[in-house]
2 protein chains.
Amino acid sequence: MAQNKKQEFDKDEIEIADFAKALSHPARIAILKEISKRDTCICGEIVEVLPLAQSTVSQHLKELLKANVITGTVDGTKSCYCINWKVFEKFEKTFAKFFHKAKSFEEKRNCC
Amino acid sequence: MAQNKKQEFDKDEIEIADFAKALSHPARIAILKEISKRDTCICGEIVEVLPLAQSTVSQHLKELLKANVITGTVDGTKSCYCINWKVFEKFEKTFAKFFHKAKSFEEKRNCC
DNA sequence: ATTCTATATCGCAAATATACGATAAAGAAA
DNA sequence: TTTCTTTATCGTATATTTGCGATATAGAAT
């Protein structure tokens, strides 16, 4: 990269990009899907359903935590993760603000 | 990575991840914002408003094209890009299917 | 107290992404 | 035709991400 230009962009642009980045790997989508499916906290079962090593899954969970997409608590030998729906809600709004504006998708026209 | 495990995930997981990946850099969000702001095709003006070299912007545009997030035509010396709203609409639905399910955000509860 | 189980972290290798300058390509302007 | 303008692509350097095995940590089970 030579230089990381990330900080030269607007705060809200960085915010959206960071959220998107957290969702930019199929393993992390699969993790969210798994948590969402149970609609409750789950712990180690994630590793079982993913084609990845335990350490790799742990790393992906860490990414999701860092981006605030999930919350988590560790009680000794068991850890527990939940989806942070507030962030999804917030992102949905920001997203709408940027891209929908007043118009609906149907009204949008392309010229190419 | 040693091995890319991407293909071992579900098709729809990969699809969401790929879309998110396209939006995972502030420069690409800024590009979309710029196109959206004008609500019409724009061409070279993107380079002017971004803190990046022309070749880098062109590369980011290529990424967005690859992910089908924008459409583009090249007429000789001028190129023209539009946001592909259909893909945003589709993503919004898939996203909702996975993460909202029947419940609204407000009804969702966390346990951690 | 020792062993088992679940999870996080470290260290490393390989793959990808980011960024730029130089250059190519191709129509527009002179 | 020659030069200018706009955009894409190539080559390359550096940064970041992905992935794993090994190991650390800490409570649970024996």
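Chain identifiers are assigned alphabetically (A, B, ...) following the order of the sequence lines, protein sequences preceding nucleic acid strands; residue numbering begins at 1 within each chain.
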Exercise for the section: Kindly say whether, by distance alone, the side chain of A:Q59 makes a donor-acceptor pair under 3.5 Å with the base of C:dC10? Expected result: no
Problem - Candidate nucleotides D:dT16, C:dA19, C:dA17, ranked by approach to the side chain of A:K21 - the nearest - result: D:dT16
Exercise for the section: Measure from the side-chain heavy atoms of B:H25 and tell me the nearest of C:dT18, C:dA8, D:dA8. Expected result: C:dT18
Handout entry: Pair listing, salt bridge (Lys or Arg N to Asp or Glu O under 4.0 Å) test, anchored in residues 55-72 of chain A, at least two apart
Key = none
Exercise for the section: Decide side-chain contact (heavy atoms from CB on, under 4.5 Å) for A:H60 and A:I46; before the verdict, give the C-alpha distance in whole Å, the side-chain angles of both, and the deciding distance to 0.1 Å. Expected result: CA-CA 11 Å; A:H60 281 302; A:I46 303 168; over 6 Å; no
Problem - Under the ring-ring contact (aromatic ring centres under 6.0 Å, His included) test, residues paired with A:F9 that sit two or more places apart - result: none
Handout entry: Polar side-chain atom of B:N84 near backbone of B:N68 as donor-acceptor pair, under 3.5 Å
Key = yes
Practice task
Identify whether any heavy atom of A:T56 sits under 4.0 Å from a base atom; if not, whether one sits that close to sugar-phosphate; answer base, sugar-phosphate or nothing.
Solution key: base
Problem - Below 4.0 Å: OP1/OP2 of D:dT17 and any side-chain N or O of A:H60 - result: no
Exercise for the section: Quick one: label A:E63 by what it contacts on the DNA or RNA (base, sugar-phosphate, nothing), any heavy atom closer than 4.0 Å. Expected result: nothing
Handout entry: Side-chain N,O (A:K5) to OP1/OP2 (C:dC20) below 4.0 Å
Key = yes
Exercise for the section: Let me have a per-nucleotide readout for nucleotides 22-30 of chain D, 5' to 3', with B, S or -, counting only protein heavy atoms under 4.0 Å. Expected result: B----SS--
Completion exercise
Contacts of A:S58 and A:F9 projected onto DNA chain C by closest heavy atom; the upstream (5') one is A:S58
Completion exercise
The single option from A:I31, A:L32, A:I70 that satisfies side-chain contact (heavy atoms from CB on, under 4.5 Å) with A:Y81 is A:I70
Exercise for the section: Give a yes/no on whether any side-chain N or O of B:Y81 is located under 4.0 angstrom from OP1 or OP2 of D:dA8. Expected result: yes
